[in-house]
Every structure is written in structure tokens, then in C-alpha cells.
Asker: 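Pasting a structure below so you can have a look.
Start at 1 and go down the list; that is how both ligands and their atoms are numbered.
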Amino acid sequence: MRNELYAGLRRKITAITLVVSITPLLALGATIYFQFSGMYRDKIKEQIYYRAKTQADGVDLFLKERTAILGAMADTNQFNFIVEEKNLLPIFSIVNQRAGAFVDLGVIDNAGRQSAYVGPYDLAGLNYYQQPWFGEVMTKGIYISDVYTGFRQIPHFIIAVRRQENQLGWILRATIDSDVFGAIVKAAQVGRTGDAYIINSEGIFQTRPRFEGKILERSHLDPSQFGGRTTILERMDKRGKSTLYAGSWLNNDKWLLVISQEVEEEMASFYATRSIEIAIIMAGVLAIVMVTLFTTRTTVNRLRETDGRLDELNAQLVHSDKLAALGKMAAGVAHEINNPLAVILQKTGWMEDLLEDEDLSKSNSYAELKASIAKIEEHVERARKVVHGMLGYVRKMEPRLEDVDINDTIMQTLSLLSNYARINNIEIKTDFAVDLPVIASDQSQLQQVFLNIINNAIDAIRKDGLIWVRTKRDDSWLSVNIEDTGPGIPPDKQKRVFDPFFTTKEPGKGTGLGLWISHSIIEKMGGSISFETDVGKGSTFTIRIPIVVPEKK
Ligand SMILES: Nc1ncnc2c1ncn2[C@@H]1O[C@H](COP(=O)(O)OP(=O)(O)OP(=O)(O)O)[C@@H](O)[C@H]1O
Ligand SMILES: [Mg+2]
């Protein structure tokens, strides 16, 4: 029953402590995790956003520079001049020196005919009149094409500017090196999973992507989803990984520069931090669990010990009560028996006298009567001993206070017993503290106690042995120690030695009142009697008496 109760208590304390201490830790961990994860994601998005924006600006600048230099060349040279290939050649090398990435340069007249050409291809004389871009340059003045394969079957794009000269328009057109252009875009590609490319408004690749497909193929991205100038989207990429796409429009919103990055790669350092956080929290939880289990166990065990001690104390209290009640009853009985005993003794004395006086001495039954009367007297005497023991105790219940020197009192007691001890070859040794104070107590009652206990020691030893009597001061207590080399008290009897009438001595030898009376006397004085015993080795009785300082007379 009790054990279940303690186990239940232990479970409850453990559970409450664990919940109360681990919950906030986990809550804190989760909060930090989500906060941090959100912040980190925002940071990644911000980075990729700015990368897309600056890269788009860079590409735009690249296109503008080239458009501007072509425009300047067209504006400063007249058609008749530039249409001579010997004049066009130095212009081609100037624009390539100043800006670079030009593959070829051509002059196209207002009928769409390539009138002059410098470059690696054989394009002189081709007619562009049917090409859709021709009309656009003629009307708008500036044109940058999408990437296409054209007459040469190689992906490229062109920049064309128109010059209006005396009612007639003509066009200066240049091809841009797709590789140089692609390399500029690729510079924005970062990490193991990062990509950077340009698609047009239909989603066709204008530069070669790293993973998603080939130039001039259709991207799986829908450009119309990129609303503002620069937009971020999160999508599954072709490999099924969650990927961030930042798209920034350029070239008058005809092209979209896309920078993509797998979320997982970007989050790698965050995941490392997360693992550390988890490890720290796990260690914390483990520590809490261990400390909780340990403290709970210690606490409950201590409680159990205290309860056990309390039980023992309760048992002692009940026992004392029982002793007191028995004492009162015994005293009453003793008183009632005392008078009849006196009468019996008186009558037997008278009967004895009668036997001598009359002729009865000559009677046949004389010897028998005499023996019977002697037997009656012997037993009455025994009964009186018991009764006197009890009455003596009851009469003297309230101690008289006088100055008592404990060592003296013990010496007097020992002198009463020395003969008895010597006959049985028992040595009594003393070890007295010399500085014991004189106390206010009842000397004859104390003597009765010492007598009883030393007597018991002698009785226990029977023959040949040693008794040590020691006194010492112990704070506000005097303690008297009586140690014998007797047989000790067997465990089943230890609880009963203070009970009235408990004796192991032969009938007629002991009343079993000695320890009971001693116990009652000492308790009345506010002291205590206890014993330690070791079966086969001996017993030690300890009497503790409070030091009561005598009043000054
Ligand atoms: N020093 C001791 N060694 C072993 N047993 C003891 C010792 N002191 C007491 N006892 C046991 O306790 C019992 C009770 O002791 P108690 O003094 O109350 O009565 P008693 O000695 O038997 O009788 P009485 O005191 O009337 O002669 C003894 O009979 C004995 O069994
Ligand atoms: Mg005794």
C-alpha cells in the first residue's frame, strides 16, 4: 500500500517537473527555430532579388552601350561613305575596340539590301526586306532582336539603328557575339545549384541555361508570372526541388533575366545551425530528465524515511500510553491486595503461636500444619514483594527534589551490590566524568533505577564477567552507561523488556517490574532509558537525565 503511494507520488512529481521544465525549453527552441528560419529565408530572397536586379541593370547597360556606339557611328557617317567596305572596316574595328562583342557589321539600304558587310560570314547582297525586324527598325529607329538562327543557322542576335538622311533611311546593323553575351549573364550564376539566364516574353531561352534546357528552347517558367520590374517566385524546378526564381525585366521589358537557386543549398548553413540547436535542446532535455529523476527519487526516499521514523515514534508513544495505563491499574490492584495480605500474614503468625501454645504440638498433624503455615508465609512474602515494589513506585511517583551528585549516587548503589557481584566473580569497573554538575533530582528514585539495571546486568551474566559503568555530560544531559558481558536480549524480547511483569527469570526469582518502574521514574524526570544489545556479546543500557540546576538556598 505505502510503496504504491510513494511510487504514485514519485510519478506525479516527476511528470509535473518534467512538463513544467521541458515545455518552456521546447517552446523557446521552436520559437527561435521558426523566427530564425523565417529571417534566414527573407535574407536569401533579398540577396537573390538584388543579384537579379543588378545583373539586369548590367545587361541593360551592355545593350545600351552597344546601341549608343552604333547610333553614333551611323549619325557621323554618311551612307555614301559608309557603304564603301574600305570605310566600313575601320568603323567596325573602332566599335569593337570601344565596346567589343561585335561579330559583324552591315549597312542596309532602304530597300532592305545589305549594301556593305564586314564580318566572318558571306552575307553581302542578302535582302532583309521580308524580315519582320526590317520594318520595325525603319519605323522605330532602334531595334534589338531576340536570339535567332537566321541565315547562318547559328544562334545570335542583332542590334540595328536607323539613320534618316535626305528623306532616305538606311540601317547600321551589328551581330552580337552570343558567347560574350551569355558569359556576362552567366556571371550571376552562384553555387552548386544556382543558374542565371535570359528568356524572352514567350519564355524562350536567349542564353544557355545551366540545367533547365537549351538556348531557343522553351523554359518551363511562365514569364507573365513575373509582374513588377523584379519579382521573386518559389517553384519546383525540373528535379523536383523547391527553388527560388528572381526575375528582372530588361531591354524594354522584352527580356527577363532569371536567377534561380535551390532553397536547400542556400539554407545549408541554417540547417547546420538547426542541428546544433536541436543537439543543445536534446542535451538540455536529457539533463532535466536525469536531474528530475534523481531529485524526485531522493525526495521521495527522504519522505519515506521520515514517515518510517514517525511511525516508530508513534508506536513508542502508544507503548508509553499502554505502560502508563497498566501502571495505574497495577497500582490499584496492589493497593487492594496489600490489606488482605497483611491480614493473612497476621493470622498465620497467630496460627503459629497457637500451634506452640496448645497441645497441638503433640498432634499427628503438627509437622504438616507447621510446614503448610511456612509455605503460606513464604508465598505471602513473595506477593508482598510484588505489591511493595509497585506501591513503592506509586507512592514515590512525584519526585522529591534534592541536590544529587550522580557519581556519588552510583557509588552508593555499587556498594550495595559489591558482595553479590563478587560471589559470582563479576568485576564492576567505573569510568566517571569528573566535571559533572550537581543536579536537582530524587536520589532514592535514581538509586532504585541504577540498582535495578546493574542488578539485571549481574543476573544476565550469572557468573564470570565484567560490567562497565560510565558517566558523562552530553550538552544539557547527564548520561549513564551500563555495559555488561551477558548474553544480550534476543530480538523477539527486545520490545517487551519494559513491559510490567515481563521477565525471563524463573518463577519466584523476578517480578518483571524492575525495568518498567525504572522507565516510569526516568520518564517522569524528563529523561530516557534505551539499550543496545548484541546477542552473545552483551547489552548496554543508557540512562539520560536532564541537567536541572538546583535553586540557590
Ligand atoms: N542486561 C540485561 N541482559 C539481558 N537481559 C536483560 C537485561 N536486563 C533486562 N533483561 C531482560 O529483561 C527482563 C525484564 O527485566 P526487569 O528488570 O523488568 O525484570 P526482572 O529483572 O526479570 O525482574 P526483577 O527486576 O523484578 O528482578 C529480564 O527478565 C531479562 O530477560
Ligand atoms: Mg530486574
Side-chain angles (χ1 to χ4, degrees), residues 316 319-320 322-324 326-327 329-331 333-334 337 378-396 410 413-414 416-417 419-421 423-430 444-470 479-524 527-544:
Q316 272 174 23
H319 194 65
S320 298
K322 201 177 81 189
L323 287 189
L326 271 171
M329 196 186 81
V333 172
I337 288 173
E378 187 194 326
H379 282 274
V380 167
E381 197 49 47
R382 206 178 120 201
R384 269 166 62 96
K385 233 167 106 185
V386 173
V387 167
H388 275 183
M390 289 196 299
L391 281 183
Y393 156 64
V394 175
R395 246 199 315 273
K396 287 187 174 175
I410 294 172
T413 313
L414 289 182
L416 293 178
L417 289 167
N419 232 345
Y420 181 36
I423 296 168
N424 293 303
N425 193 28
I426 292 169
E427 192 183 351
I428 302 181
K429 288 189 176 180
T430 56
S444 62
Q445 281 193 2
L446 283 177
Q447 202 160 6
Q448 196 182 344
V449 171
F450 299 142
L451 196 69
N452 237 316
I453 290 174
I454 298 169
N455 228 332
N456 281 351
I458 296 173
D459 287 345
I461 294 173
R462 287 171 188 264
K463 278 213 162 349
D464 312 327
L466 174 64
I467 296 172
W468 267 109
V469 182
R470 302 184 176 91
S479 92
V480 180
N481 240 284
I482 295 155
E483 180 187 338
D484 66 58
T485 54
I489 307 170
D492 60 316
K493 307 225 159 63
Q494 285 171 12
K495 274 218 151 90
R496 299 166 59 198
V497 293
F498 290 109
D499 289 356
F501 303 112
F502 173 76
T503 179
T504 55
K505 290 169 189 168
E506 310 151 26
K509 271 257 170 103
T511 62
L513 288 173
L515 281 181
W516 172 61
I517 290 172
S518 305
H519 185 270
S520 310
I521 289 173
I522 295 298
E523 205 165 59
K524 234 356 193 238
S528 67
I529 301 184
S530 59
F531 65 88
E532 278 171 32
T533 182
D534 205 346
V535 175
K537 290 204 176 137
S539 316
T540 306
F541 277 75
T542 303
I543 303 144
R544 277 160 65 83

Asker: Would you mind running through ligand 1 and noting each atom that sits below 4.0 Å from a heavy atom of Ser539?
Answerer: 3 (N)

Asker: List every atom of ligand 1 that sits less than 4.0 Å from any heavy atom of Leu515, numbering the atoms from 1 in the order shown and giving each element.
Answerer: 9 (C), 15 (O), 16 (P), 17 (O), 18 (O)

Asker: Who's the nearest protein heavy-atom neighbour of atom 30 (C) of ligand 1, and how far?
Answerer: Thr504 OG1, 3.5 Å

Asker: Which residue owns the protein heavy atom closest to atom 14 (C) of ligand 1, what's the atom, and how far is it?
Answerer: Phe502 O, 3.1 Å

Asker: Looking only at heavy atoms, which two atoms of Ile453 and Ile529 are closest? And how far apart?
Answerer: CD1-CD1, 4.3 Å

Asker: Among protein heavy atoms, which lies nearest atom 2 (C) of ligand 1, and at what distance?
Answerer: Ala460 CB, 3.8 Å

Asker: Is a side-chain donor-acceptor pair under 3.5 Å present for Asn424 with Lys463?
Answerer: yes

Asker: Evaluate the side-chain proximity of Leu515 to Asn452: yes if any heavy-atom separation is below 4.5 Å, no if none is.
Answerer: no

Asker: Tell me, which protein residue and heavy-atom name are nearest atom 21 (O) of ligand 1, and how many Å apart are they?
Answerer: Lys505 NZ, 2.5 Å

Asker: State the atoms of ligand 1, each with its element, that fall below the 4.0 Å cut-off from a heavy-atom position in Phe541.
Answerer: 1 (N), 8 (N)

Asker: Of the backbone atoms (N, CA, C, O) and the side-chain heavy atoms from C-beta on, which set of Asn452 has a member under 4.0 Å from an atom of ligand 1: side chain, backbone, both, or neither?
Answerer: side chain

Asker: Write out the residue and atom name of the closest protein heavy atom to atom 10 (N) of ligand 1, then the distance separating them to 0.1 Å.
Answerer: Ile489 CD1, 4.4 Å

Asker: Identify, for atom 24 (P) of ligand 1, the protein heavy atom at the shortest distance, and state residue, atom and that distance.
Answerer: Thr511 N, 3.6 Å

Asker: Using a 4.0 Å cut-off to any heavy atom of Thr503, which atoms of ligand 1 qualify?
Answerer: 20 (P), 22 (O), 29 (O)

Asker: Taking distance alone, with N or O pairs closer than 3.5 Å, would you say Asp484 contacts ligand 1?
Answerer: yes

Asker: Nearest protein heavy atom to atom 12 (O) of ligand 1, by residue and atom, and its distance?
Answerer: Val497 CG1, 3.5 Å

Asker: Looking only at protein heavy atoms, which one is nearest to atom 17 (O) of ligand 1, and what is the separation?
Answerer: Asn456 ND2, 2.8 Å

